[in-house]
Amino acid sequence: NYSNISTIENIVCKVFSLTTMKVTENLFKLAFLQLTSWIYQIPNEIIIDLNNFKANKRPNQNQLVDNSSQSDKPSIERAISFYLLLSTICEKIKAIAIPYYGQIFNDIIETLDRKSSYFITTLNSESKPKKIRLLKSNNKKSNNNKSNNNDNNNNQEIILIEEFCNQELLIIRVIHALWQCFKYDTEEFFTNERFTQIIDPLVNQLDFNFNDNIDIELQEKYYYQRIEVIVPCLAQAAVCVGNDTLWKPLNYQVLLKLRHEDARVRKAALMVINEFYTRLGDEFVILVPETVPFLAELMEDSTPEVQKQCHSVIDKINTFLGDENIQDYF
């Protein structure tokens, strides 16, 4: 049950983040390293012997077995929880947490690149860890092969949907963790090299990756959740570096999304541009000349929502141009 998992995650993250306020830096460093190792520990089969299991009593070693093995790939399910915890910790201890992002920076890039082979999932993989197995007597046998086939098909469909949801949730949580990192980076963690590495995969999260095997409403639900975090994250990235040399490639990568064939992506990119000027105002005006040609193309966009968002961006930019008007640049 995703609702129960979410509740437990939030409680654990809250408790852990409060604990970080009471431990030494060395102890926190050790705990963080253990957490990053935990992502790569894949749980093996958990066996519960129900035949000898007594209600309201703690199972003994013979009734419950749970082993974990180290993997060269992270577990997507554990990564989902880890990045939520990372965001929670960062929100609590702020700049103190930022240097620790260096331990997982390459993992973040790999995740944003959406390399599905980078992760192990417990849902559908040859090397997957086994599920919980319940040992109990079963005298009922089914000879209905057709029913079994239908069950298998339904299971495959459920697995496909769960994999999609896990991938999308992981991306959202990684972006949120990055947002916190940009927000509290006071020691220039994001060097020119790191910023250059992260921008392309981060901006690409504006794309709508249509999957014809997944219900469109479910895809849009996760896409709009992603947009809710990617827009402020990219704006915070610009604020973080405070350097027009780095703003230029960031702005250009977002501008290219204004020419995307999907109207949802064009609108999302306009929202990012709008947020750039909301956060940076006059400082970002230096990039107006290269922005104008892209906006001009969208003023008569075939999608009314995109048109409306484009005019909103133009109005926003005009507030920082003084006596000038953006139309003067067209």
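Contact check for L202 versus C233: side-chain heavy atoms found under the 4.5 Å cut-off. For the pair L250/F195, a side-chain contact is recorded, criterion being any heavy-atom separation below 4.5 Å from C-beta on. By the 4.5 Å heavy-atom criterion applied to side chains, I326 and L295 are counted as neighbours. A heavy-atom distance below 4.5 Å is not found between the side chains of T88 and Y83. The shortest side-chain heavy-atom distance between F210 and D262 does not fall under the 4.5 Å cut-off. Using a 4.5 Å heavy-atom cutoff, the side chains of I161 and I158 are not in contact. By the 4.5 Å heavy-atom criterion applied to side chains, L27 and T24 are counted as neighbours. Annotation: side chain of D185 is not in contact with side chain of Y101 (no heavy-atom distance under 4.5 Å).
A268 and V231 make their closest contact through O-CG2, 4.3 Å (heavy atoms, listed as atom of the first residue, atom of the second, distance). Heavy-atom minimum distance, F82 versus L35: CE1-CB, 4.0 Å. The minimum heavy-atom distance between L112 and P201, with the atom names listed, is CB-CB, 3.8 Å. Closest non-hydrogen pair, I98 versus C90, comes out as CD1-SG, 3.8 Å. Scanning both residues, I216 and F208, for their nearest heavy atoms gives CD1-CZ, 3.8 Å. Across all non-hydrogen atoms, the minimal contact from Q253 to V203 is O-CG1, 3.7 Å.
With sequence neighbours left out, D301 forms a salt bridge (Lys or Arg N to Asp or Glu O under 4.0 Å) with R266. The side-chain contact (heavy atoms from CB on, under 4.5 Å) check on V12 picks up I8, with sequence neighbours excluded. Applying the side-chain contact (heavy atoms from CB on, under 4.5 Å) test to E297 and every residue at least two apart in sequence or in another chain returns R259. Residues passing the salt bridge (Lys or Arg N to Asp or Glu O under 4.0 Å) test with K257, sequence neighbours excluded: D207. Residues meeting the side chain to side chain donor-acceptor pair (under 3.5 Å) test with S81, sequence neighbours left out: E9. The ring pair (Phe, Tyr, Trp, His ring centres under 6.0 Å) check on F28 picks up Y100, with sequence neighbours excluded. Applying the side chain to side chain donor-acceptor pair (under 3.5 Å) criterion to K248, with sequence neighbours excluded, gives E290. Considering only residues two or more places apart in sequence or on other chains, T191 meets the side-chain contact (heavy atoms from CB on, under 4.5 Å) condition with E193, R194. In this view, D200 satisfies the salt bridge (Lys or Arg N to Asp or Glu O under 4.0 Å) rule with no residue, not counting sequence neighbours. Applying the side-chain contact (heavy atoms from CB on, under 4.5 Å) rule to N211 yields the partners N213, I214, Q219; only residues at least two apart in sequence or on another chain are considered.
Here the CD-CG distance, from E25 to L30, works out to 12.5 Å after rounding to the nearest 0.5 Å. Remark: F16 CZ to I89 CD1 distance equals 5.0 Å, nearest 0.5 Å. Here the CD1-CD1 distance, from I172 to I230, works out to 10.5 Å after rounding to the nearest 0.5 Å. For the atom pair CD of E300 and CD of Q307, the computed distance is 5.5 Å after rounding to the nearest 0.5 Å. To the nearest 0.5 Å, atom CD1 of residue I80 and atom CG of residue N166 are 4.0 Å apart. In this structure, CD in Q197 is found 11.5 Å from CG in N192, a value given to the nearest 0.5 Å.
Under a hydrophobic-cluster definition in which Ile, Leu, Val, Met, Phe, Trp and Tyr are linked whenever side-chain heavy atoms come within less than 4.5 Å, directly or via other members, I76 and W38 are assigned to the same cluster. Hydrophobic clustering of Ile, Leu, Val, Met, Phe, Trp and Tyr side chains at less than 4.5 Å, counting indirect connections, unites L256 with I227. L169 and L84 end up in different hydrophobic clusters when Ile, Leu, Val, Met, Phe, Trp and Tyr side chains are linked at under 4.5 Å. Cluster membership check: M299 shares its hydrophobic cluster with V313, using side-chain heavy-atom separations under 4.5 Å among Ile, Leu, Val, Met, Phe, Trp and Tyr. A single hydrophobic cluster is seen to contain both L280 and Y252, as judged by linkage of ILVMFWY side chains at heavy-atom distances under 4.5 Å, directly or through other members.
Between the side chains of T245 and N243, a donor-acceptor pair is found at a separation under 3.5 Å. Checking Y277 against N318 by side-chain atom types alone, no donor-acceptor pair falls below 3.5 Å.
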Worked verdict on T278 versus K316 for side chain to side chain donor-acceptor pair (under 3.5 Å): CA-CA 8 Å; T278 299; K316 171 73 71 175; 3.3 Å; yes
Side chain to side chain contact (heavy atoms under 4.5 Å, CB included) between N251 and F276: does it pass, once the steps are laid out? CA-CA 9 Å; N251 187 58; F276 282 157; 3.9 Å; yes
Evaluation steps, side chain to side chain contact (heavy atoms under 4.5 Å, CB included), between D107 and I39: CA-CA 11 Å; D107 286 334; I39 303 175; 5.8 Å; no
Using the side chain to side chain contact (heavy atoms under 4.5 Å, CB included) rule, take N204 and D113 through it: C-alpha gap first, then chi angles, then the decisive distance, then the call. CA-CA 8 Å; N204 284 338; D113 280 338; 5.8 Å; no
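Aromatic ring pairs are classed by plane angle as parallel below 30°, tilted from 30° to 60° and perpendicular above 60°; the pair F105 and F190 is perpendicular.
At most 12 non-hydrogen atoms from other residues, nucleotides or ligands lie less than 6.0 angstrom from CD1 of I286. Annotation: Q327, atom CD; neighbour count of heavy atoms from other residues, nucleotides and ligands within 6.0 Å is above 12.
Here the side chain of S37 pairs no donor or acceptor atom with the backbone of L33 at under 3.5 angstrom. Between the side chain of S312 and the backbone N or O of K308, no donor-acceptor pair lies under 3.5 Å. Put simply, the side chain of S71 gets close to the backbone of K73: a donor and an acceptor are under 3.5 Å apart. When atom types are taken as modelled, the side chain of W247 and the backbone of F284 share no donor-acceptor pair closer than 3.5 angstrom. The main-chain N or O of S6 is found under 3.5 Å from a side-chain atom of N10 such that the two form a donor-acceptor pair.
Pairs engaging residues 220-240 under the side chain to side chain donor-acceptor pair (under 3.5 Å) rule: E168-R226, E220-R264, Q236-R279 [sequence neighbours left out].
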Name every donor-acceptor pair, under 3.5 Å, that has one atom in a side chain of residues 174-182 and the other anywhere in the protein, sequence neighbours excluded.
unit_1: H176; atom_1: ND1; unit_2: S87; atom_2: OG; d: 3.2

